[in-house]
Amino acid sequence: MATAATGISARQSQTTVESDTSIVGVDEGLIRALGVRAFAANIVNLIVGSGIFVLPAAVAGILGNQAILAYLLCAIGMGLVTLCFAELGSRVTRSGGTYAYIEAAFGPRVGFIAGFLIWFGGDVISGAAVGVLVVDSLMALLGIQASALLRGAVLIALFAALALANIRGVKTGAKLVEVLTAAKLIPLVLLIFAGFYHSDPQNFAWSGFPSIQDLGRSTLILVFVFSGTEGAINSNGEVKTPATTIPRAIMLAMLIVTSLYIGVQLSAQGILGPELAHEDRAPLAAAAGKAFGSGGRQFIATAVLISTLGFLTGSMLAIPRILFAFARDGSVPRVFASIHPRFRTPHIAIVTHAALGAALALTGTFSALAVLSVLPTLVVYFGCCVATLKLRRRDNAAHTPESFRIPGGATVPVAAILFVLWLFSTATLMELVVVLGIAALAYTLRTVTRWYEHGESIHAIR
């Protein structure tokens, strides 16, 4: 999965949004050192997360042998959205990613709501989903059929331990990230090759065509494993020649990820067949077990545990800093910007993040939480697609030099908007209410904080 936006504010970037230029905001003091290969590798690393280890079963449970259709459709739709990211990234070159893009087009209040949606919806809820997967993977590896009470106790202990470790100032080095990335990719590639030799051709047979509703619902679930580009583009301010590097890197990364995901789904489907839909906690481990025996199952289960635990550890290190930055910049109460007097870490933000993640993890399964984390992210995707059209019109009105522009006029942004709206149409009423609730909470928090702590009138708050 993806994973996590940094929520860097306009104050952090030390720039102003220039409404009459095509290249909006340039970070001062940052070295532009990321080329196409490095930036594409970072995108792949952020997209290929924990979800691909479990969601093949969820998609197979809806579409059966036709699950590949959802992957293709999601890849096309997400390709359209990321093309909008590519154009925006060549225009808004300061750090901050989707937060900066939406702020450049619609102002700081809408920008904060977008940042809050990415933080709470895309990061806190997705962290809860991954926490569930960590515990399920651990139980599968140990061969334990855990009761709800034991599972809940392990979840709470997991989040508490990670919070305590990060309050004490634990840091994750680059070498550890490389090792954990390899732990994700190597087992997936090996499983794809195993599928060539152990698949049953009958497991690919189709009977009819899935309904549009089922296809949409499964595609919505897969957005969880295809998202992550929004996290990588937060480093826009450190990319060489962003007008060319960002579009090329995004398209290269999407090609690699799509090929990997389709290969994994086909391999698991070919090996397990109808059984895949019932292996909802460790489907790839089950496929490896059938292909290689108990040793293969243990290998994949261990890789899943390492990968998910590594992601959750990194998330607990980085994501509370977004809440800290919101408080530092005056959008949420100052208490969340508190620094521990001994360890010099944002302990209130860390504890809050861990408590929210643990509470959400206790309430649902991985698939349910994955969908809940996708919907707020889709709102931000929608905002970015609309921002593409708005900033393009602004540039035309100002007669400024053009940066990268998606071919085909408004076709791609409009198609991306329609794709996002279609996915929203497959969501349940309760899921939509949750998204509206997060957005309303963000608006209320910023309004009340600016009024109470900064003395701004309600009408003057922007």
Side-chain angles (χ1 to χ4, degrees), residues 1-3 47-64 66-82 84-85 98 114 117-118 120-130 132-133 209-231 254 257-258 261-262 264-265 276-277 280 283 360 363-385 415-439:
M1 132 129 209
T3 55
I47 292 178
V48 182
S50 56
I52 190 58
F53 287 100
V54 68
L55 288 184
V59 179
I62 300 173
L63 297 181
Q66 300 155 334
I68 191 65
L69 290 175
Y71 282 86
L72 294 172
L73 190 56
C74 192
I76 293 171
M78 289 298 293
L80 296 172
V81 172
T82 53
C84 293
F85 289 164
T98 54
L117 282 167
I118 283 289
F120 190 85
D123 294 324
V124 175
I125 298 179
S126 67
V130 174
V132 171
L133 186 53
F209 196 83
S211 69
I212 296 298
Q213 183 69 20
D214 286 345
L215 188 58
R217 186 67 181 177
S218 56
T219 304
L220 177 64
I221 293 173
L222 283 178
V223 171
F224 185 88
V225 296
F226 273 92
S227 61
T229 304
E230 67 276 5
M254 287 301 293
V257 168
T258 300
Y261 284 175
I262 288 176
V264 168
Q265 181 70 33
L276 175 60
D280 57 341
L360 288 167
T363 64
T365 64
F366 177 85
S367 297
L369 289 168
V371 172
L372 281 181
S373 73
V374 163
L375 290 174
T377 305
L378 284 177
V379 175
V380 177
Y381 287 176
F382 178 86
C384 287
C385 295
I417 290 170
L418 293 176
F419 172 73
V420 172
L421 292 176
W422 174 59
L423 292 181
F424 264 108
S425 72
T426 68
T428 66
L429 178 61
M430 181 56 66
E431 290 164 353
L432 294 174
V433 168
V434 169
V435 175
L436 290 175
I438 296 172

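Numbers here simply count residues along the sequence, with the first being 1. Being a predicted model, the structure only gives us computed values, none of them experimental. Because only heavy atoms are used, hydrogens play no part in the values below, and waters and symmetry mates are left out as well, while side chains stay in.
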Test log, rule side chain to side chain contact (heavy atoms under 4.5 Å, CB included), inputs Leu222 and Tyr261 = CA-CA 10 Å; Leu222 283 178; Tyr261 284 175; over 6 Å; no
Would you confirm whether Glu431, through its side chain, and Thr428, through its main-chain N or O, come within 3.5 Å as a donor-acceptor pair?
-> yes
Which heavy atom of [X] sits nearest to which heavy atom of [Y], and what is that distance?
X: Arg217; Y: Ile62; result: CG-CD1, 4.1 Å
X: Ala128; Y: Leu360; result: CB-CB, 3.6 Å
X: Thr219; Y: Leu73; result: OG1-CD2, 3.8 Å
X: Ala67; Y: Val59; result: CB-CG1, 3.6 Å
X: Ile47; Y: Met254; result: CD1-SD, 4.2 Å
X: Pro283; Y: Leu276; result: CB-CD1, 3.7 Å

Do the two ring centres, one from Tyr381 and one from Phe419, sit under 6.0 Å apart?
-> no
Are the ring centres of Phe224 and Phe366 closer than 6.0 Å?
-> yes
d(Cys385 SG, Phe85 CZ) to nearest 0.5 Å is 7.0 Å
Interatomic distance, CG@Leu63 vs CD1@Ile68, rounded to 0.5 Å, equals 10.5 Å
Minimum side-chain heavy-atom gap [X]-[Y] below 4.5 Å:
X: Ile221; Y: Leu55; value: yes
X: Ser218; Y: Tyr71; value: no
X: Val223; Y: Cys74; value: yes

Residue pair Leu220, Leu375: steps toward the side chain to side chain contact (heavy atoms under 4.5 Å, CB included) verdict | CA-CA 8 Å; Leu220 177 64; Leu375 290 174; 3.9 Å; yes
Result of checking Val435, Ile125, Ile438 against Leu372 for side-chain contact (heavy atoms from CB on, under 4.5 Å) = Ile125
Passes side chain to side chain contact (heavy atoms under 4.5 Å, CB included), Leu117 versus Thr377? Steps please.
-> CA-CA 7 Å; Leu117 282 167; Thr377 305; over 6 Å; no
Show your reasoning for whether side chain to side chain contact (heavy atoms under 4.5 Å, CB included) applies to Phe53 and Val264.
-> CA-CA 9 Å; Phe53 287 100; Val264 168; over 6 Å; no
Does one side chain, of Asp214 or Ser211, offer a donor that lies under 3.5 Å from an acceptor on the other?
-> yes
